Amino acid sequence: MESLVELLAPAGTKEAFYAAVENGANAVYLAGKMFGARAYAANFDEQELSDVIHYAHLKNVQVHVAVNTIIDNEELPKLKEYLSFLSLVGADAVLVQDLGAARLAQQIAPSLPLHASTQMTIHNSAGVKALAALGFSRVVLARELSIPEIQKICRESSIEIECFVHGALCVCYSGQCLMSSMIGGRSGNRGRCAQPCRLPYTLIDAAGRDVLGDSAGNFLLSPRDLNAVDLIPQLLDAGIYSLKIEGRMKRPEYVATIVRTYRKAIDHYLAAKNPPIDDDDRDHLAQVFNRDFTTAYMERHQGKQMMSDRRPNNRGLLVGRVVDYDARTEMVSLKLTRDLAVGDQLDFWVKVGGRVSAEIEYLYNEEGRECPAASAGDIVSFRIRGRVRMHDRAFKVYDAKLMETARRSYAADALAKIPVAMHLHAKVQAPLTLHVEDDAGNCVDEKSEYLPVRATKRPLTVEMAKAQMERLGTTAFVMKELTCEIDPEVMVPVSELNKLRRAAIAALEEVRISHFQVKKKICHVTVPIRENVPTAPPAKLMVSVDSLAAAEAAISGGADGILYGGESYEGRHLQPCDYDAVWDYAQAHHVRIDYNTPRIVHEGECSALADLLAHFENKLPAALHVHNIGTAHLAQERCSAALHADASMISYNKSTLDFLQSYGFKEATISPELNEKQAARLAHDSAIPLSMMVSGRLPLMVSEYCVLGSFLGNLDKGQCTMPCRKGTYFLHDRKGVDFPIATDQFCRMHILNSKKLSLLPYVPKIFRTGITTLRIEGRGTALDELRRTVSAYRDAMKLSLPLTEEEEKRLQMQEGSDITRGHYFRGIL
């Protein structure tokens, strides 16, 4: 029976690819050497891509290729060539994050299905509808959604919905994280995340005091691993088309084990006669890799129960406790709680030093006799190199038997072959024919040009025919049956039999592969047309604020544009009257007024946003800033203001800007990950005015998880006590750097940069590149500081190049020392 749902597996290597296919994946996602969001995986060169796609199609498995990084302008020609190649070799879909990449894909390879990567941060039905209109055939949802939200999105979607069910979780909404690039220069949006979320942090208050102490670990941003195997029925009932396993950086044994277990769970749901997963299966999921498990947000907000705060890496499974240790002989004795064998690897969790690791080379039972394995309840001894103490716990982090079982499933000599039945027809003076039929009913008939003659010495026999027909070698097929119609005295050279067999198998391969091409169709793009949209001249100095008082401070400092609203770092729900008041104040002072929208708008929040957008018609802003294609979709339905693509939509190349213009956007804020030269090139090529972030504490992460509510507010018990409204808090890292924590009115956490971005000395140079608007992030800034900052930028705008030495010193004094230039000079990897 063909599965009614797709099990989608990761592959970072060819071994992992075979592990996925041989253990029951319906589709595999992987990447080439460029443009994949896991740049540090081995990945696949072009010949390997061609080979694995061919093999997968023979096995009735799809291959989706990740092209889900943001694209640099200079990479666009390479991207065009790559997309054309992927279409040529038969890729079944490409996953994209960059709207510019999507635009090119539709131009270069219009029959290549487009999947929206989770990096697009699609988290509501409006986003899905927008992408469906743009020709996408599938959306990978953000991992922050509940099952009821997923169900509603699926119900309203006309395209396929995919969601993650297993593997590592990002603490930040995927596609919205700047932390890796800002503190390490390695961008997650470019596939090179340095995983700052897995590093230790201390939660401190404004006085610098550790507010958690020993009540929590130090890995406060490190989530547990997602495991939704027990939620398969609910997810499939919700309407999910594809269940996705994370893990392109994982070893093939991991892929084999996880895929096999989820295959079993899905098959049991689809046909209850199949056995359900059991405790052994669940142990296997944990044994191959776990940071402890969570269902993330699928069931509820779990607070600190979602976090692996005491250990950011593989925990393994508890296998026993120390009952004796001899430092002189380095022999340790364990009372086992589960099986242990030679070849297994253990981590001892010790109070001093963190952990002691050991591989079992020799194992001894309680009588001191050497044994290959032991069971739960036994006391065993073995040598370790490192000091442990009584009652220390030992965790098995590598199970040799499980790993060997997994390896055997995808070993070259164990790859499952496709059974075929053959019928050979050999008659004197008639074309030699071979009929081949596979297990799916595909069949071919191949006819030779050779006309058999009457034998003078060795006539063809069934045994001789079988010996040649079953020589399928490295092909994906195995002969299960051969029937023959052979004249008694016919002679056929072995070379002709081999030639006929090879031609028939090649033809059968083409038949099996052709099914994948038939399913593809040209995608049709529907771009909304908005006529008579009012446009205003760009403001040269725009300041983002979340209160009327901040707007007043910015205007008194010299701002000629105010961006109001969206998320409030004060945690207050902004009402229509708040927007009206700021609009009135801006109009009275002849200052441009734009409105912001939240970066994240969950399904249950869309109605309130739609009502707010409709209210904006009464006092229309000069532009409405949106951070996501879903919000753009809502805005086009409810508000006639000009659209501005904010930095979260990641304008990083000309193709993206071309897309934005075609969609109706009138302005865009370029990505803060661009350097000076990239920004200048983009401004030169852009058909719409561009803004650039030049000042303020940039948000590095936005997260549905809140460290304050989770560890101080008892969120896991149901109702948060809102500690964020009673004090100021920071994450203190291992280098002594403090990152401010802000929470908005939706209780989402924003981690702000430790240093304030400042490009004050470069203001004249930036304007010379063609950037039309300088943007100051004023949220979270004291009013007096905000007023001084705006005034300093207003004064700098009056200067001419080259700056005098005195002017440079004055600007540097004004900006202070606790600043960063961001990526203005260094860019990102």
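Keep in mind the model is a prediction, meaning the values are calculated, not measured.
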Quick one: are [X] and [Y] in side-chain contact, heavy atoms under 4.5 Å?
X	Y	value
Val582	Ile593	yes
Ser671	Ile650	yes
Asn628	Arg599	no
Pro672	Leu178	yes
Arg697	Arg779	no
Tyr793	Leu760	yes
Leu799	Thr804	no
Met179	Cys172	no

The criterion is side chain to side chain contact (heavy atoms under 4.5 Å, CB included); which residues satisfy it with [X], sequence neighbours excluded?
X	answer
Cys747	Met722
Pro534	Leu620
Asp584	Lys619
Ile108	Lys80, Leu83, Ser84

Relative to each other, are the rings of [X] and [Y] parallel, tilted or perpendicular (30° and 60° limits)?
X	Y	answer
Tyr824	Tyr762	tilted
Phe35	Tyr82	tilted
Tyr579	Phe616	tilted
His123	His602	tilted

Original post:
Is the His732 to Phe739 ring centre distance short of 6.0 Å?
Top reply: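 No, too far apart.
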
Original post:
With ring centroids as reference points, do His750 and Tyr569 lie under 6.0 angstrom apart?
Top reply: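 Yes, the ring of His750 comes within the 6.0 Å limit of the ring of Tyr569, centre to centre.
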
Of all residues at least two apart in sequence or in a different chain, which pass the salt bridge (Lys or Arg N to Asp or Glu O under 4.0 Å) check with [X]?
X	value
Arg190	Glu75
Arg821	Glu815
Arg638	none
Arg810	none

**OP:** Apply side-chain contact (heavy atoms from CB on, under 4.5 Å) to Leu708 and Cys724, showing your working.
**Re:** CA-CA 7 Å; Leu708 303 179; Cys724 57; 3.8 Å; yes

Hey, is [X] close enough to [Y] for a salt bridge, meaning N to O under 4.0 Å?
X	Y	result
Arg775	Glu667	no
Arg748	Asp744	no
Lys765	Glu676	yes

Original post:
For the side chain to side chain contact (heavy atoms under 4.5 Å, CB included) test, which of Leu660, Leu79, Leu76 pairs with Ser655?
Top reply: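 Looking at Leu660, Leu79, Leu76, the match for Ser655 under the side chain to side chain contact (heavy atoms under 4.5 Å, CB included) is Leu76.
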
Subject >> Sole residue of Asn596, Leu548, Val545, Asp594 in side chain to side chain contact (heavy atoms under 4.5 Å, CB included) with Tyr564 >> reply: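 Result: among Asn596, Leu548, Val545, Asp594, Val545 is the only option passing the side chain to side chain contact (heavy atoms under 4.5 Å, CB included) with Tyr564.
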
Original post:
Under the side-chain contact (heavy atoms from CB on, under 4.5 Å) criterion, do His644 and Leu624 qualify, and how do the steps go?
Top reply: CA-CA 6 Å; His644 181 120; Leu624 184 71; over 6 Å; no

Original post:
Sub-3.5 Å donor-acceptor pair from the side chain of Arg592 to the main-chain atoms of Pro537, do we have one?
Top reply: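 Yes, the answer is positive, given that a donor and an acceptor are paired below the 3.5 Å cut-off.
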
Within the 3.5 Å criterion, strictly below it, is a donor on [X] or [Y] matched to an acceptor on the partner's side chain?
X	Y	value
Ser556	Arg787	yes
His823	Asn675	no
Glu552	Tyr585	no
Asn73	Gln678	no
Gln745	Ser568	no
His590	Asp560	no
Arg725	Thr743	yes

Taking all heavy atoms of [X] and all of [Y], pick out the closest pair and write down the distance.
X	Y	answer
Ala632	Phe665	CB-CZ, 3.8 Å
Met692	Ile670	CG-CD1, 4.1 Å
Phe136	Ala116	CD2-N, 3.6 Å
Pro689	Thr772	CB-OG1, 3.5 Å
Val533	Ser640	CG1-O, 3.7 Å
Pro764	Leu803	CG-CD2, 4.1 Å

**OP:** Any chance you could lay out the side-chain contact (heavy atoms from CB on, under 4.5 Å) test for Ile819 and Leu757, step after step, and finish with the verdict?
**Re:** CA-CA 6 Å; Ile819 60 164; Leu757 174 67; over 6 Å; no

Original post:
If you measure from CG on Leu609 to OG1 on Thr631, what distance do you get to the nearest 0.5 Å?
Top reply: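 If I round to the nearest 0.5 Å, the distance is 6.0 Å.
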
Could you pull out every donor-acceptor pair under 3.5 Å between side chains of residues 94-101 and any protein atom, sequence neighbours left out?
from, atom 1, to, atom 2, distance (Å)
Gln97, NE2, Asn189, OD1, 3.0
Asp98, OD1, Gly100, N, 2.7
Asp98, OD1, Thr656, OG1, 2.5
Asp98, OD2, Ile71, N, 3.0
Asp98, OD2, Asn653, ND2, 2.8

Original post:
side-chain hydrogen bond (donor to acceptor under 3.5 Å, both in side chains) with Gln814: which residues, sequence neighbours excluded?
Top reply: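 side-chain hydrogen bond (donor to acceptor under 3.5 Å, both in side chains) check on Gln814 returns nothing, list empty.
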
Subject >> With Glu785 via side-chain hydrogen bond (donor to acceptor under 3.5 Å, both in side chains) - residues at least two apart >> reply: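 Residues passing side-chain hydrogen bond (donor to acceptor under 3.5 Å, both in side chains) with Glu785: none at all.
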
Subject >> Leu774 and Val763: CA distance, side-chain angles, deciding distance, side-chain contact (heavy atoms from CB on, under 4.5 Å) verdict >> reply: CA-CA 8 Å; Leu774 304 183; Val763 166; 3.6 Å; yes

Side-chain polar contacts of residues 681-688 - donor-acceptor pairs under 3.5 angstrom, sequence neighbours left out - could you list them?
from, atom 1, to, atom 2, distance (Å)
Ser686, OG, Ile688, N, 3.1
Ser686, OG, Ile688, O, 2.6

**OP:** Decide yes or no on side-chain hydrogen bond (donor to acceptor under 3.5 Å, both in side chains) for Arg186 and Ser181, but give the supporting numbers first.
**Re:** CA-CA 4 Å; Arg186 289 166 50 183; Ser181 72; over 6 Å; no

